[in-house]
Amino acid sequence: MFPDKVKILLRIIQDLLDKSKKQRAELREAYTLVPSSHCRRRALCCTMLPEMSLIEALAAIQCLSEMDPITRLRLTRGLVRYFFLNSVRITSCPFLIDRNCLIYENRFFGCRAYGLWPKHYYNELAARSHQMKRYNQEQWQNLGISLPQEVADFQVSYCPHVKLDGDASVDDETLPHAADKIELLSRQLAPWHESFRHSYFLDLSFLLASLVFGLTEAVQMKFAFVKDYVKTGNQTGLSELVGNLPDVFAALI
Ligand code: SF4
């Protein structure tokens, strides 16, 4: 039912899921190194899909494959839409529905660590990300497309409302230690770990769009959609395309 190139990539993902059971179990342990916390859960921080390593992307795909088909298809389509529009619109993380994270128990390291970094360190990370966005904006500009300034400048600001549970504490080593552990687990999936970083820029939504359309085609389509959106604000073509996407992860077990 799927074209051959989709089947091939799905087979690779299935193979990676089979081979990464141990690493995914250890990923759950690594998450416990991040002290549990609570916040007002207003989900204002969930405006972007966080960057993630391959092992975390696989854990999210496993979650998707175990969901009921309606939710899975909704999230799959949301991820693809997010990939095509995230350069021109500030939306929300595709896993956020009605202000609820649908993968909350399995959310990524970036989500767990948010609000726990020392403020100065978080601001350094945010400044680096801002630089990258500016660079990205220049690349689009070189292609003749002016991205909206508010999107290029958008940053999730430091949150002072995240509080540690009980007597948990976090020092300068806690989060880097957890991040290193996750990175090491993901590296065990070489060479796909590096491919995910270099070909998909640690972006699950890009992987998914490439799975459905092919990598080069997904990039070309993004260019066309972004160009059209900047010029006309029109999303009709994208909505039709996304609305017809098949349930690709239904084939995974
Ligand atoms: S995965 Fe969940 S917690 Fe993380 S940004 Fe998305 S909605 Fe928020």
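Throughout, residue positions are numbered sequentially from 1 according to the sequence presented. One-based numbering, in listed order, for ligands and for the atoms of each.
Taking the ring centre of Phe83 as origin, the terminal cationic atom of Lys222 falls inside the region bounded by 6.0 Å and 45° from the ring axis. For the pair Arg107 and Phe95, the cation does not sit on the ring face, since its NZ or CZ is not both under 6.0 Å from the ring centre and inside 45° of the axis.
Using a cut-off of 4.0 Å between Lys/Arg side-chain N and Asp/Glu carboxylate O, Lys19 and Asp15 are scored as salt-bridged. Using a 4.0 Å cut-off between a side-chain N of Lys or Arg and a carboxylate O of Asp or Glu, Arg197 and Glu183 qualify as a salt bridge.
Note on Val219: it clusters hydrophobically with Leu147, by side-chain heavy-atom contacts below 4.5 Å among ILVMFWY residues.
Atoms of ligand 1 found under 4.0 Å from any heavy atom of Cys46, numbered from 1 in the order shown, are 3 (S), 5 (S), 7 (S), 8 (Fe). Applying the 4.0 Å criterion to heavy atoms of Met48 picks out, from ligand 1, the atoms 5 (S).
Looking from atom 2 (Fe) of ligand 1 to the surrounding protein, the closest heavy atom is Cys101 SG, 2.4 Å.
At a cut-off of 2.8 Å, Cys93 coordinates atom 6 (Fe) of ligand 1 through an N, O or S atom. Distances from atom 4 (Fe) of ligand 1 show that Cys111 has an N/O/S atom below 2.8 Å.
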